[in-house]
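Reading through the structure tokens given below for one structure.
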Amino acid sequence: MSNALIIHRAHLPKALLNERAAQYVRMSTDRQQYSIQNQAAVIAAYAHAHNLTLVRTYKDEGESGLLIKNRIGLLQLLEDVESNQADFGQLLVYDVSRWGRFQDVDESAHYEFLCRRAGIKVSYCAEQFENDGSMLASIVKNIKRVMAAEYSRELSAKVYAGQCRFARLGYKPCGRAGYALVRELVDEKMQTRGVMKRGDRKYILTDHIRIRPGDPKEVAVLKWIFDRFLKVRSETVIAWELNQKGLVSSTGRPWTRAAVGIALRNENYIGNLIFNRKSRKLRQATVRNPPEQWIRCEGCIEPIIDQDVFFSVRKIIEERRVDLSEEEMLVRLRRTLLKEGRLTPAIIDRTPGLPCSATCQTHFGNFRNLYRLLGYTPKRNYEYLDSRAVWSKCRGKLVQQATTAIRAAGGRLGPGGWSDCLRVDGKTCLSVRVARWTPGARPTHAPHWSIQRELCLPHGWIAAIRLSERNMMVLDYVLLPTDGKVKRTIRFSEASRVRRGIMRFKTANGLVHAIVRRLTKAYPASQATPTPRSNRPKATRSKTRNVAARH
């Protein structure tokens, strides 16, 4: 009887539901008439005229109508409708195009159908027809949907043509500047308005963006990269040396082989601007355009690298490229295998006359297939690759379980910047990983477990699913702190786990319970309580308590 007075919003009387309405408003950035305020005003007038009470608002502000992805408001609306949680009987929308400017005109019709199927009437407040299901309404709505899709296509073509025209004039239409370069905003008289930061956009039509050299320290590093490549001829070596010096790339991340290669091929450094190498229209897949469609403007940027140096580097890179058939690739790889006695990605990358390891993976799928074709059995056990997808799902379930528990305890969650990583209350990170079993180097050596890194493991805690022998089943769960400086694989045996005070839990629930105690506001990490005795071996109770107290 205690629940008799609780009103469930999904079970309100039908007459009351028909008097309650929700509104959906969306604005990209294209036209002022579609601003959120204008839409809300028209919808409010319509609701007043029809004696409707607005009880809920679903809003997508600054989101394109081409795709439903990232449109939180529309996704929430559809979720409430399909789960029978909607506490309203009508949905008010400004016009037909507010559903979206989908290139498939049936998509917006589908979303309207989902609402109607749930008993919710959809009304278009700014349209000149009544959405009553009549033939006239159906015809007009379909025409409106086609017009909305065509508007996006026409706008895309106009924007693309404008970008090409400005690129021919030496302006930077879009994209990042690149390492050691900055975007400079200039007016119609070519007078500078200042350097633009990442994410900044121009707002005055007569202003344009040019590229020029940036930080002198980065310019010096860039010159060193080109000079160093002429000596070592290896992007991997250069990336390692840059990271050893604590330098970061233009994205703010550590240097990689690919990042160094992009810098060595960038003609911006000799004064040339190249546009339209790739194109992505109407939020579809990115397309690589042929060289004859590229737009080139030479001498529009102050050069940083001497042309002789740049073209010497380009010649080395082009001569190093090998175009081989798969049969010839296998012949050369087998020859290298016989010479080296083994075959690894590192050996392939450093051997002249062989394609890089990434190309081998593209042609043969993965290295296990390649080894099978070569008749080579490596000493390293690659069976764990077969179960990688399974353990990835287990990680996702553990993340979801921890997320639910932390939120229930009052914790505030956000993305941690890595996959399967959460940031709690804006400061402490929780990384969920898998500790993979690896046999000892010799039969007499004990096995160990390894936690693979992703660039680095952030400061906070690592919750890991520890696998049993041959990585076929879950052994238990472990929780250990990290200071954010770990840039290599974490390895530990059972003896070192006990010695280092790494906490162990038999079940996922025990692990999640410990995570909540250490990461939520009620139990900050600095005052974390020790692990329950039932979840810890007797030999490690005192050490675990000390480690938990320190962190």
Side-chain angles (χ1 to χ4, degrees), residues 391-392 394-436 448-467 474-494 496-537 540-551:
W391 302 126
S392 179
C394 291
R395 286 172 58 185
K397 291 181 180 179
L398 186 57
V399 169
Q400 185 61 39
Q401 190 175 352
T403 298
T404 302
I406 292 173
R407 284 177 175 167
R412 181 169 51 87
L413 289 173
W418 291 264
S419 61
D420 292 335
C421 181
L422 302 173
R423 187 176 296 275
V424 183
D425 295 330
K427 48 185 179 180
T428 307
C429 282
L430 171 67
S431 303
V432 180
R433 314 296 296 165
V434 172
R436 183 166 54 86
H448 66 271
W449 287 263
S450 58
I451 300 175
Q452 301 293 333
R453 63 179 176 84
E454 289 185 3
L455 295 180
C456 64
L457 291 168
H459 176 80
W461 294 85
I462 302 172
I465 304 170
R466 190 160 64 147
L467 305 182
V474 175
L475 176 63
D476 53 26
Y477 302 84
V478 295
L479 182 65
L480 62 155
T482 175
D483 57 5
K485 298 179 181 179
V486 177
K487 295 186 179 180
R488 62 182 184 276
T489 301
I490 298 176
R491 293 184 176 87
F492 62 91
S493 62
E494 179 61 21
S496 64
R497 182 195 68 77
V498 175
R499 184 173 63 253
R500 294 162 59 181
I502 297 176
M503 291 165 279
R504 169 183 170 272
F505 305 88
K506 293 183 179 180
T507 64
N509 289 334
L511 171 66
V512 171
H513 186 62
I515 290 172
V516 171
R517 292 204 318 272
R518 284 162 175 78
L519 299 187
T520 55
K521 294 180 179 179
Y523 295 91
S526 60
Q527 301 177 3
T529 56
T531 310
R533 292 178 179 271
S534 59
N535 286 328
R536 290 186 284 116
T540 64
R541 287 175 185 169
S542 61
K543 291 185 179 180
T544 304
R545 185 180 294 109
N546 293 336
V547 171
R550 288 198 300 271
H551 294 278

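Since this is a predicted model, take the numbers as computed values, not measurements.
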For this session: For Ala435 and Trp449, work out which heavy atoms get closest and say how close.
Result: O-CD1, 3.5 Å

Exercise. Residues in side-chain hydrogen bond (donor to acceptor under 3.5 Å, both in side chains) with Gln400, at least two apart?
Worked result: none

Problem set entry | Non-neighbouring partners of Ser493 that pass side-chain hydrogen bond (donor to acceptor under 3.5 Å, both in side chains), sequence neighbours left out | Ser496

Between [atom1] of [X] and [atom2] of [Y], what distance do you get to the nearest 0.5 Å?
X	Y	atom1	atom2	answer
Lys397	Ile465	NZ	CD1	10.0 Å
Phe505	Asp476	CZ	CG	10.0 Å
Thr428	Arg423	OG1	CZ	8.5 Å
Met503	Ile515	CE	CD1	9.5 Å
Ile490	Ile502	CD1	CD1	8.0 Å

Exercise. Can you tell if the side chain of Leu480 reaches within under 4.5 Å of the side chain of Trp461, non-hydrogen atoms only?
Worked result: no

For this session: Determine yes or no for a side-chain-to-main-chain donor-acceptor pair under 3.5 angstrom, with Arg518 supplying the side chain and Ala514 the backbone.
Result: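 Here the side-chain-to-backbone pair exists.
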
Problem set entry | Test applied, side chain to side chain donor-acceptor pair (under 3.5 Å); reference residue, Glu494; option that passes from Arg466, Arg499, Arg504 |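 Passing option: Arg466.
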
Exercise. Can you list the residues that meet the side-chain contact (heavy atoms from CB on, under 4.5 Å) rule with Ala402, with sequence neighbours excluded?
Worked result: Leu430

